[in-house]
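As the structure lists them, so they are numbered: ligands from 1, and atoms in each ligand from 1. Heads up: numbering here begins at 1 and tracks the sequence.
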Amino acid sequence: MRIAISTGGGDAPGLNAVIRATVLTAVHRGWECFGIKRGFGSLLGESDLMPLGPNDVRGITHLGGTILGTSSRGNPLKWRTKQPDGTWEEHDRSEELLATFRARRLDALIAIGGEGTLGIVLDLFKKGLPVVGVPKTIDNDVAGTAATFGFDTAVATATDAIDKVHTTAESHERVMVVEVMGRHAGFIALNAGVAGSADVILIPEIPFDIDRVCEKIRRREAEGRHFSVVVAAEGALPKGGTVSLIDPEHERLGGIADKVAHSIQEMTGKETRSLVLGHLQRGGSPTTFDRLLGLRFGAAAVRLIAEGKFGHMVALDPPRITAVPLADALATPRRVSIDSDTIATARELGTSFGD
Ligand code: F6P
């Protein structure tokens with residue numbers, strides 16, 4: 001067997017753990033492994049395949065990023081090229097990708113990615129690519145699995161930042177608004193916000209009313225708490241409003257913390273600052289949870305290939321790792337359930353969701 005591994009979409013702590021487990025498990029079975037560089041790059045003529053043996057994956061479990069590189073752009077089925085007049089043209093390069101896959105005598109692909117990459121992989125599977133998926137994302141928005149690796153590390157980073165913001169907010173008697181990632185899911189904001197004792201948490205699943213946010217800050221002020229910490233998911237939006245985009249063409253979210261901070265200062269008279277944690281949340285050494293999940297996912301992906309379970313992704317269904325058809329996992333994106341226990345707990349602790 002000759003198998004290939006690719007990492008696509010935004011990086012997440014734990015990718016290298018998956019790669020190491022995949023390579024070692026495959027080599028243990030006497031299989032050969034190859035890395036595809038920069039997403040699907042090596043299958044689209046960008047570079048050669050990268051032979052991967054035990055020496056190439058030594059000592060990488062604890063490293064952030066991916067030794068294969070990744071790309072959040074470049075869907076082979078909707079490849080975009082800029083025309084001389086500045087417009088973009090889209091074309092399908094999937095046949096070229098499949099031809100290279102066969103020419104390199106590859107038998108299977110393990111594609112590690114989030115919702116976007118797994119969607120591409122499902123389309124390629126339908127066109128004949130023998131592929132197994134591994135769900136990855138700091139956003140935790142892939143259904144069918146209790147968790148994606150990368151999320152736990154991102155939440156730990158965000159919680160640590162919120163703790164730090166707390167002390168400066170209190171010293172200066174200010175309101176601090178912290179923007180965290182998550183795209184259209186509020187998992188990072190909710191978990192880090194609750195763990196970091198935020199006073200207000202804004203998530204996409206609960207559109208907010210700025211009057212209610214300010215009410216909470218004024219109430220704290222009246223109680224002698226002269227500072228407040230607001231955690232806003234990048235995809236949070238006001239009731240009846242829309243999400244904030246910094247790059248509408250590529251649908252890049254951002255800017256909500258700044259807008260909320262501006263309104264709070266104007267409406268309450270409290271000095272307010274905002275900060276965006278951004279890509280800090282994607283870096284660093286994976287937590288024990290993410291390392292272990294990554295290693296288990298990698299080994300399980302090789303097992304799925306051995307069983308011929310293509311078109312599936314590995315998933316966590318505690319305490320087991322299972323296989324879920326990609327089509328089922330991608331049918332509905334995972335979002336924070338507004339009647340979840342974490343939301344109920346936060347409300348009981350006095351946290352406002354601005355609703
Ligand atoms: O999906 C992971 C993620 O980090 C999102 O939380 C964020 O919106 C997006 O990727 C940022 O993407 P980029 O790396 O292209 O800026």
Residue-ligand contact Asp139/ligand 1, heavy atom below 4.0 Å: yes
Mark the output for Gly182 as yes if a heavy-atom distance to ligand 1 is under 4.0 Å, and as no if none is. yes
In this structure, atom 15 (O) of ligand 1 is nearest to the protein heavy atom Ser72 OG, 3.8 Å
Nearest non-hydrogen protein atom, atom 7 (C) of ligand 1: Glu234 OE2, 3.3 Å
Residue pair Val132 / Lys309: nearest heavy atoms and the distance that separates them: CG2-O, 3.7 Å
Are a donor atom and an acceptor atom from the side chains of [X] and [Y] found within less than 3.5 Å of each other?
{"X": "His226", "Y": "Glu221", "value": "yes"}
{"X": "Arg291", "Y": "Thr61", "value": "no"}
{"X": "Ser47", "Y": "Ser42", "value": "yes"}

Is His279 touching ligand 1 with its side chain, its backbone, both, or neither, if touching means heavy atoms under 4.0 Å apart? side chain
Is it the side chain, the backbone, both or neither of Arg282 that has a heavy atom closer than 4.0 Å to ligand 1? side chain
Can Glu95 and Arg93 be counted as an ion pair, charged N to O under 4.0 angstrom? no
